[in-house]
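Read through the structure below, which is laid out as structure tokens, and then see the notes.
Being a predicted model, the structure only gives us computed values, none of them experimental. Below, read A as the first sequence line, B as the second, and so on, with proteins coming before strands; counting in each chain starts at 1.
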Number of protein chains: 2
Amino acid sequence: MQTPDIGSFIKDLRENAKISLRQLAEQAGVSNAYISQIERGLRKPSAEVLASIASALRVSTPAMYLRAGLLGTDDTHGVLAAIAADAELTLAQKQSLTQIYETFRRENAREAAGTDGVPVEEKP
Amino acid sequence: MQTPDIGSFIKDLRENAKISLRQLAEQAGVSNAYISQIERGLRKPSAEVLASIASALRVSTPAMYLRAGLLGTDDTHGVLAAIAADAELTLAQKQSLTQIYETFRRENAREAAGTDGVPVEEKP
DNA sequence: CCATTCTGCTTGCAATTGTTAACACGGCGC
DNA sequence: GCGCCGTGTTAACAATTGCAAGCAGAATGG
């Protein structure tokens, strides 16, 4: 596994924030016992719990996922992730953009020829 | 939940790719029965399984997470997600950049103490 | 000295994930 | 008719998540 351990990452963040196990548990909405087990690597938290903890620790969800090994590297261009995490788009807009982008990518991969009818605008 | 169902999304992608349940299961490395249950909304797949299915269906992991409701809206600027998904950075570089960025953001939030949702207790 | 109140840790327990069987239905060849 | 492979579905099962409740130890104060 690429993740050395997500527990010590969370623990570092928690101690850096100078809050106790129970305080973090309360803010994240999970039990204190579970936080303890997560920090020592005894349990592997789900994505939902991971996101809650990230929110409580003022860390972005993608950052936590990346650390947990849930977000990989080579399967995508950066564009999609940027879309997914952009705070200035609504969820519907994200899904539309994402789906369009994926459709384009699939078609490109299938045909592999440059006959492209719809130009793709690059957004800085 | 904002996601009506992740199952029909997967099913649509699978039928669009014209592959069977078992083919998708094999490529994703999960059981065929489980794919069936997921597509009908009987089970909620974990992030790992979701990522495997996404890979098998040639869809990016963030796109799948977004569709499953695991990736939210208000968590960050697009910067971090872009870092996470950038194929030209090593994992270690991503983590370093991410951590630095998060640290900056935390310090900004701490010093610009004004319109804040959750107060941070400071011990004098 | 004892009570209180922190800290984190351990122990059962319910709910869920994900698998390995099977199952029913349908098409095609003998 | 009978097999054989294909589709998706269901049932029983082991493994895991996540929680409520209680544990020991240290600090503080009556």
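Residue A/Gln37 is in base contact, counting any heavy-atom pair closer than 4.0 Å across all strands shown. Backbone-only engagement by B/Ser20 is indicated by non-hydrogen atom pairs under 4.0 Å involving sugar-phosphate atoms exclusively.
Side-chain proximity of B/Ala33 to the nucleotides C/dT10, C/dT19, C/dT17 is greatest for C/dT19.
Proximity of a side-chain donor or acceptor of B/Arg14 to a complementary backbone N or O of B/Ile19 within less than 3.5 Å is detected. One N or O on the side chain of A/Ser52 and one on the backbone of A/Glu48 form a donor-acceptor pair closer than 3.5 Å. Under a 3.5 Å cut-off, the side chain of B/Ser55 and the backbone N or O of B/Ala51 do not form any donor-acceptor pair. The backbone N or O of A/Ser20 lies less than 3.5 Å from a partner atom in the side chain of A/Gln23, making a donor-acceptor pair. Formation of a donor-acceptor pair under 3.5 Å by the B/Glu15 side chain with backbone atoms of B/Asp12 is not found in this model.
If you take CG of A/Leu24 and P of C/dT7, they are 12 Å apart, rounded to a whole angstrom. Residue A/Asn32 contributes atom CG, which lies 11 Å from atom P of C/dC9 at whole-angstrom precision. In this structure, the CG atom of A/Leu21 is 6 Å from the P atom of C/dC9, given to the nearest Å. Computed from coordinates, the A/Ile35 CD1 to C/dT10 P distance equals 16 Å when rounded to whole Å. Rounded to whole Å, the distance from CG on A/Leu42 to C1' on C/dG12 is 16 Å.
Where B/Arg43 and B/Ile19 each meet DNA chain D at their nearest nucleotide, the meeting point lying more 5' is that of B/Ile19. Between A/Arg14 and B/Ile38, the residue anchored closer to the 5' end of DNA chain C is A/Arg14, taking for each the nucleotide with the nearest heavy atom.
For B/Ser46, no side-chain nitrogen or oxygen approaches OP1 or OP2 of C/dT17 to under 4.0 Å. Distances shorter than 4.0 Å separate none of the side-chain N or O atoms of A/Arg22 from OP1 or OP2 on C/dT5.
The side-chain heavy atoms of B/Tyr65 and A/Thr61, taken from C-beta on, include no pair separated by under 4.5 Å.
Distance check, rounded to the nearest 0.5 Å: CD1 of B/Ile35 to CZ of B/Arg43 gives 12.5 Å.
Protein chain A contacts DNA chain D from D/dT17 to D/dG22, reading 5' to 3' and using non-hydrogen atoms of the protein with a distance under 4.0 Å.
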